[in-house]
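What follows is a single structure, written as structure tokens, with notes after it.
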Amino acid sequence: MLVSQLLNPTLREVPAEAEVISHQLMVRAGLIRKSASGFYTLLPLGLRVLRKIETIVREEMDAKGGQEILMPIMQPAELWKESGRWDVYGAELFRLKDRHNREFCLGPTHEEIITDLIRGEVRSYKQLPMLLYQIQNKYRDERRPRFGLMRGREFLMKDLYSFDRDEAGLQESYQKMYDAYCRIFSRCGLSYRPVEADAGAIGGTGGTHEFMVLADSGENSVVYCSGCDYAANMEKSECRPQVIDDVSPEGQPKLVATPGVKTIDEVCEHLTVPQNTLVKSLLYQGDEKTFLVLIRGDRTLNEIKLNNALGGFVSLQLAAPEQVEKILGCGPGSVGPIEVPEGLMVVADEEIPFMKRAVCGANKAGYHYVDVVPSHDFRIDQVFDLRMVEPGEACLKCGAPLKEARGIEVGQVFKLGTKYSKAFGATFLDENGEEKCCVMGCYGIGVTRSIAAAIEQNHDDFGIIWPMPIAPYQCIIIPASAKDVQVVETAQKLYKELQSQGVEVVLDDRDERAGVKFKDADLVGYPIRVTLGSKTLANGQVELKDRKSNETQLVLVADVVKQVKNMIEQALQF
RNA sequence: CGGGGUAUAGCGCAGCUUGGUAGCGCGCCUGCCUUGGGAGCAGGAGGCCGGGGGUUCGAAUCCCUCUGCCCCGACCA
């Protein structure tokens with residue numbers, strides 16, 4: 001490809017709308033342009049990167065016995081009503097009607113469609129296991145699309161669904177996908193970590209792992225062990241109570257005046273006590289139920305754990321101040337567990353029962369209780385692990401301190417079990433003629449998001465540094481002296497030769513000064529740069545530059561093709 | 001969905017307070033010049049100042065309203 005003909009509009013300045021580096025660079029390097037919030041056009045170079053990742057994904061899926069299909073983006077409402085998700089999925093589902101007023105949605109995922117397919121086509125255990133996948137656009141009306149391709153409303157995803165005879169089969173399929181995912185992200189040149197995760201609204205019974213690309217701009221917090229291979233999404237990570245050694249004798253609850261004091265910080269300051277002596281009391285609303293949640297003042301409540309512990313609500317949120325007023329007769333800043341209404345369930349984090357002389361709200365504006373002994377002075381109905389783990393705590397597996405990192409979720413593997421096969425009657429006959437439900441798994445990779453993740457991880461002040469396997473082109477040739485006939489002709493000749501040897505190469509044939517070409521090449525991030533200048537060429541040499549290491553070498557014209565192919569070959573090994 | 005911000009040329013921005021019919025840098029087009037890290041000079045094209053309504057002799061500027069976009073939060077296969 002000739003750069004003069006390529007639709008690759010590079011920008012000198014950072015677009016005002018782009019916040020994170022990958023978004024900025026994708027726009028500046030001329031890979032994408034926005035059409036509407038969360039919707040993007042991929043320009044030629046951006047699309048080439050996407051296709052490269054797709055190819056890697058396809059190869060690895062096929063290698064594990066996956067069969068590619070293509071399901072419709074438009075999905076009939078009936079299937080979603082059959083699974084129960086038409087109502088549960090909420091506003092994130094793009095819904096529309098056809099001319100006959102029949103309801104449809106744009107697929108955010110395809111469990112419904114695929115399970116409907118399988119229930120019609122699979123009859124016998126002999127057909128199992130079956131692994132079906134597609135690479136297709138998904139639609140989710142995110143409340144807040146952001147960061148360019150990182151969180152769009154339309155994005156390309158690979159989704160594979162596995163159907164097995166039993167749990168053991170599912171475990172095998174799951175492991176296959178887990179292994180395939182490791183290969184895929186390694187091949188893409190990404191530094192990633194599989195982490196234990198929460199199954200979320202997609203449901204399912206077994207474990208689940210998320211594949212996190214480690215990057216500071218990631219929207220997820222990950223904890224990992226400094227001593228072993230334990231790693232988990234922070235919202236999933238279990239913890240043990242850290243008991244505070246308090247030797248003071250237990251006392252009687254005393255009501256103290258705390259005028260105008262509402263937040264944890266204010267209470268601590270007013271009473272000169274540390275945060276970990278406070279019982280933070282939060283009134284929560286789960287669907288129609290209300291309950292009081294207790295957690296130590298220095299801890300953060302993990303709502304995911306709370307929702308899991310209490311059986312999974314569709315909607316779980318802090319009760320509105322009016323609700324707090326109605327049930328407890330005070331504002332949110334004064335809530336406490338003492339003398340709450342009989343019917344109000346009180347759930348506490350595991351650390352609460354270990355507290356000895358605690359401080360808590362008095363359900364009365366301007367007052368708090370001190371010297372409170374949990375369980376003794378107030379009722380606790382149920383105790384769970386409800387808090388967010390904190391960096392530095394001991395790993396539950398090996399005891400070494402945990403560390404925290406930010407991660408971008410580029411893939412997730414789920415064990416679904418029979419949730420959907422049961423709802424849809426996707427059954428088969430086993431060798432005894434017995435009817436059984438397929439045991440399912442589902443496995444997704446955000447292909448568009450992986451591009452953003454790759455850039456987050458591979459860039460410098462000058463631009464993108466593509467890992468060779470996903471670079472839009474492997475090599476760029478820059479004739480630095482555009483007036484030198486020798487330079488121009490040699491560049492042309494090398495361009496043709498490299499092309500004929502299967503190297504993905506562009507020739508910057510624009511009538512620009514060398515500096516402009518260098519800047520653009522660095523910005524776009526071509527892994528190998530071949531530069532031809534009058535002086536070096538007079539000695540029969542051209543310069544090869546590695547974008548990543550910044551190393552340059554002078555090579556005889558006759559050896560360029562061989563050397564470039566060498567560099568590519570090396571960079572493609574993993 | 002709550003809170004905040006913003007909308008002026010392809011991109012980045014000024015002008016708005018105190019109304020008088022639009023400007024700067026980059027990019028783009030022509031020519032000269034230059035040619036190893038976003039050069040220089042000269043000339044040029046390009047805008048219904050997000051949409052609608054109002055106030056006014058007159059609105060980019062003041063008022064009302066709608067919309068888009070961005071950020072924070074909540075939410076999230």
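Below, read A as the first sequence line, B as the second, and so on, with proteins coming before strands; counting in each chain starts at 1. Basis for what follows: all heavy atoms, side chains included, without hydrogens, waters or symmetry-related copies.
Here A:Tyr133 and A:Tyr161 keep their ring centres 6.0 angstrom or further from each other.
Separating the CD atom of A:Glu235 from the P atom of B:rA74 is a distance of 12 Å, rounded to the nearest angstrom. Atom pair A:Ile478:CD1 and B:rU35:P shows a separation of 18 Å (rounding to whole Å applied). Rounded to whole Å, atom P of B:rG37 lies 19 Å from atom CG of A:Asp461. With rounding to whole Å, A:Glu512 atom CD is found 6 Å from B:rC28 atom P. Straight-line distance from the NZ atom of A:Lys483 to the P atom of B:rU35: 9 Å, rounded to whole Å.
No hydrogens or angles were tested; on distance alone, a donor-acceptor pair under 3.5 Å links the side chain of A:Glu543 to the base of B:rG36. Counting distance only, with no hydrogens placed and no angle test, the side-chain atoms of A:Arg151 and the base atoms of B:rC76 include a donor-acceptor pair under 3.5 Å. Counting atom types as modelled, A:Arg12 pairs no side-chain N or O with a base atom of B:rG10 as donor and acceptor under 3.5 Å. Counting distance only, with no hydrogens placed and no angle test, the side-chain atoms of A:Lys545 and the base atoms of B:rG37 include a donor-acceptor pair under 3.5 Å.
Only the P atoms considered, B:rA60 is 9 Å distant from B:rG20, to the nearest whole Å. Rounded to a whole angstrom, the distance from the C1' atom of B:rG36 to that of B:rG73 is 50 Å. Across B:rC75 and B:rC69, the matching P atoms stand 23 Å from one another, rounded to whole Å. A gap of 13 Å separates the P atoms of B:rC16 and B:rA7, to the nearest Å. B:rG10 and B:rG3 are spaced 33 Å apart, taking the C1' atom of each and rounding to whole Å.
With B:rG37, B:rC71, B:rC28 as the candidates, the nucleotide lying closest to the side chain of A:Phe518 is B:rG37. Considering only the side chain of A:Glu17, B:rC69 comes nearest among B:rA74, B:rC71, B:rC69. Side chain of A:Glu13, nearest nucleotide from B:rC70, B:rG37, B:rG12: B:rG12. Closest to the side chain of A:Ala514, from the set B:rA39, B:rG12, B:rG36, is B:rG36. Candidate nucleotides B:rG36, B:rC71, B:rA39 were compared by shortest atom distance to the side chain of A:Arg513, and B:rA39 ranks first. Comparing atom distances between the A:Pro15 side chain and each of B:rC71, B:rG12, B:rC76 picks out B:rG12 as nearest.
A:Lys535 comes within contact range of no nucleotide atom at all, as no heavy-atom separation falls under 4.0 Å. At a threshold of 4.0 angstrom between heavy atoms, the contacts of A:Ala480 include nucleobase atoms, whether or not backbone atoms are also involved. If you check every strand for non-hydrogen atoms under 4.0 Å, A:Asp159 touches nothing. Contact annotation for A:Arg28: base contact, defined as any heavy-atom pair under 4.0 Å involving a base atom. Using a 4.0 Å heavy-atom distance criterion, A:Ala16 is classed as a sugar-phosphate-only contact. In this structure, A:Thr531 reaches the bases: a heavy-atom distance under 4.0 Å links it to at least one base atom across the strands shown. The residue A:Phe462 sits apart from the nucleic acid: no heavy atom pair falls under 4.0 Å. At the heavy-atom level, A:Glu303 lies under 4.0 Å from the strands shown only through sugar-phosphate atoms. The residue A:Ala36 sits close only to the backbone: its heavy atoms come under 4.0 Å of sugar-phosphate atoms, none of a base. Residue-level contact check: A:Asp522 touches the bases, meaning some heavy atom is under 4.0 Å from a base atom.
Taking a cutoff of 4.0 Å between a charged side-chain nitrogen and a carboxylate oxygen, A:Lys305 and A:Asp349 do not qualify as a salt bridge.
Phosphate contact (OP1/OP2 of B:rG36, side-chain N/O of A:Ser534, threshold under 4.0 Å): absent. Proximity of A:Lys517 to the phosphate of B:rU35: no side-chain N or O atom is located under 4.0 Å from OP1 or OP2.
The partner of B:rC48 cannot be assigned: no Watson-Crick or G-U wobble pair with both contacts below 3.5 Å exists in any strand.
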Just do the ring-ring contact (aromatic ring centres under 6.0 Å, His included) check on A:Tyr40 and A:Phe155 with the steps written out, would you?
-> CA-CA 9 Å; A:Tyr40 290 86; A:Phe155 57 94; over 10 Å; no
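In this structure, A:Lys415 is positioned above the aromatic face of A:Tyr174, its NZ or CZ under 6.0 Å from the six-membered ring centre and within 45° of the axis.
Looking only at distances, no side-chain donor or acceptor of A:Asp116 sits under 3.5 Å from a matching main-chain atom of A:Glu112. Formation of a donor-acceptor pair under 3.5 Å by the A:Arg387 side chain with backbone atoms of A:Leu301 is not found in this model.
Using the six-membered ring where Trp is involved, A:Tyr473 and A:Tyr526 have ring planes that are tilted, between 30° and 60° apart.
Of the two residues contacting RNA chain B, namely A:Gln412 and A:Leu532, the nearest-nucleotide position lying further toward the 5' end is that of A:Leu532.
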